[in-house]
Amino acid sequence: MVGAGISTPSGIPDFRSPGSGLYSNLEQYDLPYPEAIFELQFFFHNPKPFFALAKELYPGNYRPNLAHYFLRLLHDKGLLLRLYTQNIDGLERAGIPASKLVEAHGTFASATCTVCRRSFPGEEFRVDVMADRVPRCPICTGIIKPDIIFFGEQLPQRFFLYMADFPMADLLIIIGTSLEVEPFASLSEASRRSVPRVLINRELVGPFAWSPRHNDVAQLGDIIGGVEMLVKALGWTEEIEDLVQRETNKDVL
Ligand code: CNA
């Protein structure tokens with residue numbers, strides 16, 4: 001399970017980190033209060049702040065970091081049952097196939113007309129978003145909203161895979177999330193009690209703080225440092241360095 005914290009080393013601010021988080025830097029988005037950016041009522045009143053964020057987070061602006069490559073390595077080794085992410089930056093897609101990924105809070109990769117409900121690939125309105133234009137449906141002129149889950153909206157069907165996945169997991173790794181947003185946060189309680197839960201985060205969060213289990217493990221501090229320690233303990237340091245090198249070369253080519 002991962003959250004915004006795995007992408008802060010890539011330069012994408014999280015929500016709640018004091019000072020650097022999105023919620024403490026609202027002026028540029030012109031919002032009455034932080035959560036309004038993901039509220040439908042506010043979106044229909046003024047979609048511009050959301051599209052300013054969309055422009056920022058659009059695929060291609062940021063690169064995955066060591067935490068993403070660690071998840072990729074888990075997958076390459078056949079150890080990843082599923083990756084549940086709250087992130088909407090799409091960085092997990094670099095190397096993790098769609099079948100292994102649950103983007104619980106949606107994605108910019110597709111979009112839906114808010115009036116006629118037609119679906120569009122995200123790429124189709126990239127030009128509009130980059131030019132600070134609110135994208136409109138070519139058929140009915142309704143506003144097109146990227147398939148990001150707003151407060152009160154239903155989570156994607158794939159989220160419910162957790163009912164089969166969590167009882168099967170042998171290990172639950174949780175990285176870079178405040179575990180404050182439901183229902184995602186409660187997944188941290190859905191693994192079997194005999195299964196260790198590993199938290200890599202700046203501070204204790206969710207059940208690690210208020211109802212820890214005897215077999216919980218918390219590596220507190222910077223995420224990259226925490227991932228490096230785990231990778232070292234697994235004896236995968238060289239492998240991950242090779243992977244990062246290969247992927248960086250791909251970017252350069
Ligand atoms: P959050 O509530 O902002 O929590 C982030 C957590 O990560 C906090 O506990 C931080 O202390 C911790 N953290 C951040 N950076 C580091 C670091 N470098 N080292 C160690 N710990 C760190 O974010 P959540 O994901 O828990 O909240 C859920 C929201 C945030 C979801 O709905 C997301 O869509 C949304 N969000 C996503 C992105 C993204 O896609 N990258 C960015 C901002 C917000």
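Just so you know, these numbers come straight off a predicted model, no measurement behind them. Order of listing sets the numbers, starting from 1, for every ligand and every atom in it.
The pair R197-E189 meets the salt-bridge criterion, with a side-chain N (NZ, NE, NH1 or NH2) lying under 4.0 Å from an Asp/Glu carboxylate O. Between E103 and R93 there is a salt bridge, with a side-chain nitrogen of the basic residue lying less than 4.0 Å from a carboxylate oxygen of the acidic one. Comment: E92 does not engage R72 in a salt bridge, judged by the lack of any side-chain N to carboxylate O separation of less than 4.0 angstrom. A salt bridge is defined here as a Lys NZ or Arg NE, NH1 or NH2 lying under 4.0 Å from an Asp or Glu carboxylate O, and R192 with D170 meets this definition.
Summarising the local packing, CE of M130 is surrounded by more than 12 heavy atoms from other residues, nucleotides or ligands at distances under 6.0 Å.
Here the two rings, on F50 and F150, have centers that are under 6.0 Å apart.
Looking at ligand 1, you won't find any N or O of V181 less than 3.5 Å from one of its N or O atoms. In terms of polar-atom proximity, defined here as any N/O pair under 3.5 Å, I223 does make such a contact with ligand 1. Checked by distance only, ligand 1 and I88 come closer than 3.5 Å through their nitrogen or oxygen atoms.
Only the side chain of T8 comes within 4.0 Å of ligand 1, judged by heavy-atom distances. Here I12 has side-chain heavy atoms under 4.0 Å from ligand 1, and that is the only part of it that gets that close. At a 4.0 Å heavy-atom cut-off, ligand 1 touches Q86 through backbone and side chain alike.
Residue contacts with ligand 1 do not include S10, since none of its heavy atoms lies under 4.0 Å from the ligand. Taking 4.0 Å as the cut-off, A185 does not count as a neighbour of ligand 1 on heavy-atom distance. The shortest separation from a heavy atom of E180 to ligand 1 is not under 4.0 Å, leaving the residue out of contact.
Shown in contact with N87 at under 4.0 Å from a heavy atom are these atoms of ligand 1, numbered in order with element: 37 (C), 39 (C), 40 (O), 41 (N). Each of the atoms 25 (O) of ligand 1 lies under 4.0 Å from some heavy atom of G3. Here is the list of ligand 1 atoms found below 4.0 Å of a heavy atom in E203: 8 (C), 9 (O), 10 (C), 11 (O). Within ligand 1, counting atoms from 1 as listed, the ones closer than 4.0 Å to a heavy atom of S7 are 41 (N).
Connectivity analysis of hydrophobic side chains (ILVMFWY, heavy atoms under 4.5 Å, direct or indirect) links L155 to M1, Y84, V102, I149, F159, F160, L161, Y162, M163, F166, L172, I174, L179, F184, L187, L199, L204, V205, F208, L220.
Distance alone, capped at 3.5 Å, is enough to place a donor-acceptor pair between the N61 side chain and the K55 backbone.
Of the protein's non-hydrogen atoms, the one nearest atom 4 (O) of ligand 1 is S178 N, 3.3 Å. Taking atom 17 (C) of ligand 1 as the reference point, the nearest protein heavy-atom neighbour is R202 NH2, 3.1 Å. For atom 41 (N) of ligand 1, the nearest protein heavy atom (residue, atom name, distance) is D89 OD2, 2.6 Å.
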Q: Apply side chain to side chain contact (heavy atoms under 4.5 Å, CB included) to T112 and I144, showing your working.
A: CA-CA 6 Å; T112 304; I144 294 176; over 6 Å; no
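Relative ring orientation between F51 and F43 is described as tilted, the plane-to-plane angle lying within the 30° to 60° band.
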